[in-house]
Structure formats: C-alpha cells, structure tokens
Number of protein chains: 2
Amino acid sequence: MLEMNQESCCDVIHQEAIDDCTEQDLTESVVEGVSETFKALADPTRIRILYNLSKRELCVCDLAEVLGMTQSAVSHQLRYLKALRLVKNRRDGNTIYYRHDDAHTMGLLQMAIDHSSHVNEEEVDKK
Amino acid sequence: MLEMNQESCCDVIHQEAIDDCTEQDLTESVVEGVSETFKALADPTRIRILYNLSKRELCVCDLAEVLGMTQSAVSHQLRYLKALRLVKNRRDGNTIYYRHDDAHTMGLLQMAIDHSSHVNEEEVDKK
DNA sequence: TGAGTATATGAGTATTTGTTCATATAGGGG
DNA sequence: CCCCTATATGAACAAATACTCATATACTCA
C-alpha cells in the first residue's frame with residue numbers, strides 16, 4: 001500500500017533524482033552526530049575556548065580572563081564541551097586545568113579559522 | 001591607569017598564559033565568520049540539504065520530497081543558505097534548481113560526515 | 001489575459017540556547 | 001575544624017531559531 005504523500009507541492013517530480021537521493025541518504029545517527037559536532041563549533045564563546053585550549057592548557061579562571069567573561073559562563077560552556085568529549089580536565093589543588101581532547105573536531109575548527117583568516121586578509125587587501 | 005577587572009574570579013592568575021592568549025587571540029571578524037559557517041552546518045535539515053545538493057542539482061520540490069518536509073520549510077532554509085552563498089540557483093520555467101556553491105564549506109561537511117560514518121560503523125562492529 | 005503551478009515570504013509560535021545570579025561543592029592552609 | 005578560594009550548578013530570562021500557515025510572487029500555457 002502506497003503512503004499518501006502529504007508533503008508534495010508539485011506534480012512534476014524528478015523521480016530518478018529522488019530515488020538516487022533516497023538511496024544515498026545519510027542515516028539519522030550520522031546526521032545527528034554531524035549536527036552535534038557543528039553545534040559545538042557554532043558559538044563564538046566555544047570557538048574561542050577551543051582555540052585557546054588548542055594552544056595550551058588553561059584553568060577556568062584564565063579562560064574567563066582571556067575571554068572577558070564571567071567564571072560561571074565559561075564553566076557552563078566547559079561542561080558542555082566536556083560532555084561532548086571535546087575537552088578534558090585535570091585537577092591540581094583547587095585549580096582545574098582544561099585542554100582539548102578531540103583531534104578531529106579541532107581539525108575542523110582549525111580549517112575554518114584558517115579559511116576565515118585568509119578571506120579576511122583578502123578583504124582587507126581590496127580596500 | 002589600569003582597568004578594573006570585574007570578571008576576575010581568582011587571585012592566582014597565570015599571567016604568562018593570559019598574555020600569550022591575548023596576543024594570539026582571534027579577531028572578532030574571524031570568530032564571527034567561523035561561527036556563521038558552523039551555524040549553517042549545525043542543523044539536521046541544512047545538513048541533509050547540503051549533502052544532497054553536493055551530489056546533484058535539485059529543485060525545491062524534489063528536496064521537500066526527499067527530506068519529507070514541507071515546501072515552505074525547505075524554501076526558508078534555502079534562502080538562509082543562499083544568503084550565506086552556500087548554494088546558488090537557476091530558474092527553468094517555474095522550476096528553480098539549487099546546487100552547492102562553496103567548496104570550502106562543503107569540504108568541512110564532507111569531513112564531518114566521513115568521520116561520523118566511520119565512528120558509527122565502529123560502534124556497530126563492537127556490538 | 002486568466003488560470004494553474006512552483007517557489008518565496010511574512011507573521012506567529014514553540015523550542016533551544018547562552019548568559020546571569022545566587023548558591024553549592026570541594027580542596028587547601030591555618 | 002573553619003575559612004578561603006576555585007569551580008560547578010540550578011533556576012530564570014532574553015534572544016535566536018526552525019517550523020507552520022496563509023498568502024504573495026513569478027512564470028507557463030491556453
């Protein structure tokens with residue numbers, strides 16, 4: 001029994017293209033995984049945290065100082081990043097030091113940063 | 001005159017680390033650009049749209065069919081992607097065909113997809 | 001020109017998200 | 001043990017976001 005297609009908006013559907021797409025379509029878990037990764041990288045604060053942690057280990061307080069943000073805001077973001085295993089930490093007395101923990105995601109970030117820096121330079125050159 | 005540091009949360013600041021970070025810090029425009037790119041890639045619908053458009057040109061209606069979403073929802077996302085120049089379109093009569101238009105961003109997406117697919121396969125293997 | 005079709009868009013809405021504020025937790029030193 | 005400091009966390013709130021619904025636009029064909 002054919003399902004009703006309630007979403008259809010036109011009669012002339014390119015059936016072959018649709019069949020191809022359906023066949024090659026991404027699994028839901030892959031889409032969710034990709035989305036989760038990019039969501040983590042989609043916020044300016046998290047970008048700056050990860051970028052700085054890619055250079056060196058830093059404690060929460062240092063990060064707050066560098067970013068000019070409250071300790072609480074930074075700590076919330078670190079918890080988020082840790083849940084995704086993008087950062088890890090170690091304790092030394094009262095101080096907790098964070099560092100990056102996911103080479104693949106850091107690679108994506110670095111690529112985007114390099115590209116954006118490059119584009120920005122070109123735009124400056126034009127002026 | 002030194003600025004008051006209202007954000008400070010601790011006395012023992014690692015001044016050297018902070019100086020290093022401040023020196024190497026990303027410009028605001030780079031952070032904004034990177035964030036904009038990753039935001040575009042952070043949504044499951046847009047991931048699937050871009051992925052399908054990386055394979056072949058598709059009209060709005062085909063996309064709606066493949067994604068199982070309304071024409072309106074797809075059209076809104078296409079407008080978003082077009083504003084960022086991640087896709088472009090051409091008209092053929094009433095039909096408007098979209099295709100991808102940013103090799104760098106599509107490269108980031110493909111890398112993340114490959115990685116996620118790989119991770120998923122490994123997880124399946126373990127079971 | 002007028003009806004029909006594919007796409008675009010504005011307003012409204014429910015959800016998600018990033019921050020603040022207040023407070024809790026946990027380790028260090030007297 | 002008590003106080004101090006660094007970090008974590010829960011609740012609340014404002015802003016951003018992705019969708020729906022109704023309708024507008026732009027093109028085709030007769």
Side-chain angles (χ1 to χ4, degrees), chain A residues 5-14 17-18 31-32 35-36 38-50 57-65 67-84 87-99, chain B residues 5-14 17-18 31-32 35-36 38-50 53 57-84 87-99:
Chain A
N5 175 15
Q6 302 173 337
E7 313 297 349
S8 134
C9 62
C10 61
D11 295 331
V12 186
I13 290 180
H14 307 88
I18 289 173
V31 173
E32 283 307 313
S35 159
E36 186 180 78
F38 286 132
K39 268 200 181 78
L41 298 171
D43 175 71
T45 297
R46 289 193 293 271
I47 290 170
R48 299 177 70 207
I49 288 175
L50 289 172
E57 187 178 68
L58 289 168
C59 71
V60 179
C61 183
D62 290 346
L63 270 171
E65 178 72 20
L67 304 186
M69 298 180 62
T70 64
Q71 172 269 324
S72 178
V74 172
S75 192
H76 277 295
Q77 295 295 3
L78 287 169
R79 177 167 63 163
Y80 175 107
L81 293 171
K82 188 152 186 286
L84 292 183
V87 303
K88 59 185 171 185
N89 58 18
R90 71 179 175 87
R91 177 181 281 276
D92 178 13
N94 275 346
T95 307
I96 299 191
Y97 292 93
Y98 281 82
R99 54 183 308 188
Chain B
N5 175 15
Q6 302 173 337
E7 312 298 349
S8 135
C9 60
C10 61
D11 295 330
V12 186
I13 291 177
H14 307 87
I18 290 172
V31 173
E32 283 306 313
S35 159
E36 188 181 76
F38 285 133
K39 270 200 181 82
L41 297 171
D43 176 72
T45 298
R46 289 194 292 272
I47 289 169
R48 299 177 69 207
I49 289 175
L50 289 172
L53 293 183
E57 187 179 68
L58 289 168
C59 71
V60 180
C61 184
D62 291 346
L63 270 171
E65 178 72 20
V66 169
L67 303 186
M69 297 180 62
T70 65
Q71 173 270 323
S72 179
V74 173
S75 192
H76 276 294
Q77 294 294 2
L78 287 170
R79 177 168 63 161
Y80 176 107
L81 293 171
K82 188 152 186 287
L84 292 183
V87 304
K88 59 186 172 186
N89 58 18
R90 71 180 176 89
R91 178 182 280 275
D92 178 13
N94 274 345
T95 308
I96 300 192
Y97 293 93
Y98 281 81
R99 54 184 308 190

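Throughout, a chain's letter reflects where its sequence line sits, starting with A, and its residues are numbered from 1. Not measured: the values here are computed from a predicted model.
Heavy atoms of A/Tyr97 sit nowhere under 4.0 angstrom from any nucleic acid atom. In this structure, A/Thr95 reaches the sugar-phosphate backbone alone: every heavy-atom distance under 4.0 Å involves primed, P, OP1 or OP2 atoms, never a base.
In this structure, A/His14 places its NE2 atom 13 Å from C1' of C/dT5, rounding to the nearest Å. A/Tyr98 places its OH atom 15 Å from the P atom of D/dA6, with the value rounded to the nearest Å. Atom CG in B/Leu41 sits roughly 14 Å away from atom P in D/dT17 (whole-Å rounding). Per the geometry, CE belonging to A/Met69 stands 16 Å off P belonging to C/dT17, to the nearest Å. Atom CG in B/Leu67 sits roughly 13 Å away from atom P in C/dT7 (whole-Å rounding). A/Asn89 has its CG atom 13 Å from the C1' atom of D/dA6, to the nearest Å.
Of all the heavy atoms in B/Arg46 and B/Leu81, the pair that sits closest is CD-CD2, 3.7 Å.
A/Thr70 has a side-chain polar atom (N or O) that falls below the 4.0 Å cut-off from OP1 or OP2 of C/dT20.
Across all strands shown, D/dC13 forms a Watson-Crick or G-U wobble pair, both distances under 3.5 Å, with C/dG18.
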(message) Within the 4.0 Å limit for protein heavy atoms, which parts of nucleotides 25-30 of chain D are touched? Write it as a string from 5' to 3', B for base, S for sugar-phosphate only, - for none.
(response) -SBS--
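Closest to the side chain of A/Gln71, out of D/dT7, C/dT19, D/dT20, is D/dT7.
Side-chain N/O atoms of A/Ser72 and base N/O atoms of D/dT7 include no donor-acceptor pair closer than 3.5 Å.
Scanning residues 75-82 of chain A for heavy-atom distances under 4.0 Å to DNA chain D yields A/Ser75, A/His76, A/Arg79.
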